[in-house]
Amino acid sequence: MKTEEEINEILRILADEYPAPQTELNYKTPFQLLIATILSAQTTDRQVNKITTELFSKYNNPEDFLDLTPEELAEEIHGVGLYRNKSKYILKTCQKLVDEYDSQIPKTREELMELSGVGRKTANVVLSCAFEFDTIAVDTHVFRVTNRLGIANSDNVRRTEEELMKNLPQDKWSSAHHWFIFHGREICKARNPRCGECPVNHLCDYYKELD
DNA sequence: AACTCGGGGCA
DNA sequence: TGCCCAGAGTT
């Protein structure tokens, strides 16, 4: 595990390396962020971004989506993968938003996770990016990167979330989330990680154990 | 706990 | 061109 100084050094280097694109924050409303995050399951947000501009120009609230049949919506979101499931989840979620939340997005993790297609990761993204609540959304990139670096040490996403909230300074939670995701995609990849190009390899537990 | 759902990226 | 990757729901 890392000392506070080592963690701050890692964060400093990553901040310098990745001027946080913060892609989730590009969505204009909590509703857009929620839908985009449901769409992003098992895909990159690059794929999601390809379709959301047009999608949200046509449908921008739960009522708009409820005008569509599952088949029509599936057609609209073609390209993000798992589109039939995601179409059903989104329509079910929109119906619930209309029926139970006056078309607003609920602000607690428990309520968000009751929505179809919304698990812990999606709920945390909405809480931290749309409502700026103090949460860290742990997807597989964040999980892999932080465990390799030694900022977390856990075989379980739920515990990693707790460890990160304990080990990272709170004012860095939001930006660190984006650094880890970007780093995980470009450098610290699941397979064939490019450790030679990694700006924090001298501070990485995984890199130390390589040879 | 294992399986399903689509497609993009890379070996 | 086949294998790996990325969440949530279902069985």
Side-chain angles (χ1 to χ4, degrees), chain A residues 18 21-24 27 30-55 62 65 68-97 100 105-106 108-130 135-149 152 154-162 164 176-198 206:
Chain A
Y18 310 124
Q22 311 235 349
T23 55
E24 285 93 341
Y27 293 105
F31 177 73
Q32 289 187 353
L33 176 66
L34 174 67
I35 299 302
T37 310
I38 292 174
L39 290 175
S40 77
Q42 298 292 103
T43 333
T44 61
D45 53 33
R46 222 176 120 257
Q47 292 307 113
V48 174
N49 289 337
K50 283 184 190 168
I51 69 157
T52 45
T53 305
E54 192 193 340
L55 184 69
F65 279 88
L68 299 171
T69 65
E71 294 74 23
E72 288 168 341
L73 180 55
E75 194 55 39
E76 294 284 339
I77 64 176
H78 212 282
V80 296
L82 315 181
Y83 57 94
R84 289 191 204 87
N85 282 343
K86 288 173 183 176
S87 170
K88 286 182 216 153
Y89 296 158
I90 287 172
L91 290 178
K92 215 171 153 189
T93 284
C94 286
Q95 190 64 58
K96 189 160 187 164
L97 291 175
E100 300 181 23
I105 310 299
T108 69
R109 180 182 293 122
E110 291 69 28
E111 289 172 309
L112 285 165
M113 288 180 68
E114 291 289 313
L115 299 171
S116 183
V118 179
R120 193 173 182 96
K121 180 250 175 179
T122 299
N124 281 343
V125 167
V126 172
L127 288 174
S128 60
C129 295
T135 317
I136 294 183
V138 179
D139 66 358
T140 58
H141 292 301
V142 174
F143 180 75
R144 184 181 64 252
V145 170
T146 56
N147 276 297
R148 281 182 178 170
L149 281 169
S154 164
D155 57 3
N156 154 310
V157 169
R158 184 77 173 71
R159 259 191 58 75
T160 295
E161 185 184 316
E162 290 167 10
L164 293 181
H177 167 76
H178 295 280
W179 297 331
F180 294 143
I181 287 178
F182 194 84
H183 189 61
R185 271 212 267 285
E186 303 300 318
I187 305 287
C188 194
K189 300 187 292 183
R191 277 194 314 157
N192 305 323
R194 297 151 65 180
C195 295
E197 305 168 42
C198 175
Y206 177 85

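Just so you know, these numbers come straight off a predicted model, no measurement behind them. By convention in this document, chain letters (A, B, ...) are assigned in the order of the sequence lines, proteins followed by strands, and residues within each chain are numbered from 1.
A distance of about 23 Å separates the C1' atoms of C:dG9 and B:dG8, rounded to the whole Å. When the P atom is compared between C:dA6 and B:dA11, the two are found 15 Å apart, to the nearest whole Å. B:dG9 sits 23 Å from C:dA8 when the C1' atoms are compared, rounded to a whole Å. The same atom, P, is picked in B:dC3 and in C:dC4; the two are 15 Å apart, to the nearest Å.
Every residue meeting the side chain to side chain contact (heavy atoms under 4.5 Å, CB included) condition with A:Glu161, not counting sequence neighbours, appears here in chain and number order: A:Arg109, A:Arg120, A:Asn124, A:Thr135, A:Val138, A:Met165. A:Phe180 is linked by a ring pair (Phe, Tyr, Trp, His ring centres under 6.0 Å) to nothing, counting only residues two or more places apart in sequence or in another chain. Residues meeting the side chain to side chain donor-acceptor pair (under 3.5 Å) test with A:His183, sequence neighbours left out: A:Tyr18.
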Which atoms of nucleotides 8-11 of chain B (N or O only) lie under 3.5 Å from a protein N or O atom, and what are those distances?
{"unit_1": "B:dG9", "atom_1": "OP1", "unit_2": "A:Arg46", "atom_2": "NH1", "d": "3.0"}

Tabulate atom names and distances for all N/O pairs under 3.5 angstrom spanning the protein and nucleotides 7-11 of chain C.
{"unit_1": "C:dG7", "atom_1": "OP1", "unit_2": "A:Lys121", "atom_2": "NZ", "d": "3.4"}
{"unit_1": "C:dG7", "atom_1": "OP2", "unit_2": "A:Thr140", "atom_2": "N", "d": "3.1"}
{"unit_1": "C:dG7", "atom_1": "OP2", "unit_2": "A:Thr140", "atom_2": "OG1", "d": "3.1"}
{"unit_1": "C:dG7", "atom_1": "N9", "unit_2": "A:Gln42", "atom_2": "OE1", "d": "3.2"}
{"unit_1": "C:dG7", "atom_1": "N7", "unit_2": "A:Gln42", "atom_2": "OE1", "d": "2.7"}
{"unit_1": "C:dG7", "atom_1": "O6", "unit_2": "A:Gln42", "atom_2": "NE2", "d": "3.3"}
{"unit_1": "C:dA8", "atom_1": "OP1", "unit_2": "A:Gly119", "atom_2": "N", "d": "3.4"}
{"unit_1": "C:dA8", "atom_1": "OP1", "unit_2": "A:Thr122", "atom_2": "N", "d": "3.0"}
{"unit_1": "C:dA8", "atom_1": "OP1", "unit_2": "A:Thr122", "atom_2": "OG1", "d": "2.4"}
{"unit_1": "C:dA8", "atom_1": "O5'", "unit_2": "A:Gly119", "atom_2": "N", "d": "3.4"}
{"unit_1": "C:dG9", "atom_1": "OP1", "unit_2": "A:Gly117", "atom_2": "N", "d": "2.7"}
{"unit_1": "C:dG9", "atom_1": "OP1", "unit_2": "A:Val118", "atom_2": "N", "d": "3.4"}
{"unit_1": "C:dG9", "atom_1": "O4'", "unit_2": "A:Tyr89", "atom_2": "OH", "d": "3.1"}

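For residues 79-88 of chain A, the side chain to side chain donor-acceptor pair (under 3.5 Å) pairs, not counting sequence neighbours, are A:Thr43-A:Lys86.
Here the P atom of nucleotide B:dG6 and the CG atom of A:Leu73 are 13 Å apart, to the nearest Å. Between A:His78 atom NE2 and B:dG6 atom C1' there is a gap of 8 Å when expressed in whole angstrom units. Residue A:Ile38 contributes atom CD1, which lies 16 Å from atom C1' of C:dA6 at whole-angstrom precision. A:Ile187 has its CD1 atom 18 Å from the P atom of C:dC5, to the nearest Å.
Contact detail for A:Thr93 and A:Ser116: the closest heavy-atom pair is OG1-O, 2.7 Å.
Between A:Arg185 and C:dA6 there is no side-chain polar atom (N or O) within less than 4.0 angstrom of OP1 or OP2.
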As a quick check of understanding, evaluate side-chain contact (heavy atoms from CB on, under 4.5 Å) for A:Leu34 and A:Val125, giving each step before the final call. CA-CA 8 Å; A:Leu34 174 67; A:Val125 167; over 6 Å; no

A:Gln47 and A:Lys50: side chain to side chain donor-acceptor pair (under 3.5 Å), yes or no, with the steps? CA-CA 5 Å; A:Gln47 292 307 113; A:Lys50 283 184 190 168; 3.0 Å; yes

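Using a 4.5 Å cut-off on side-chain heavy atoms (C-beta onward), A:Asp155 and A:Thr160 make no contact.
Within a 6.0 Å radius of CZ in A:Arg194, more than 12 heavy atoms belonging to other residues, nucleotides or ligands are found.
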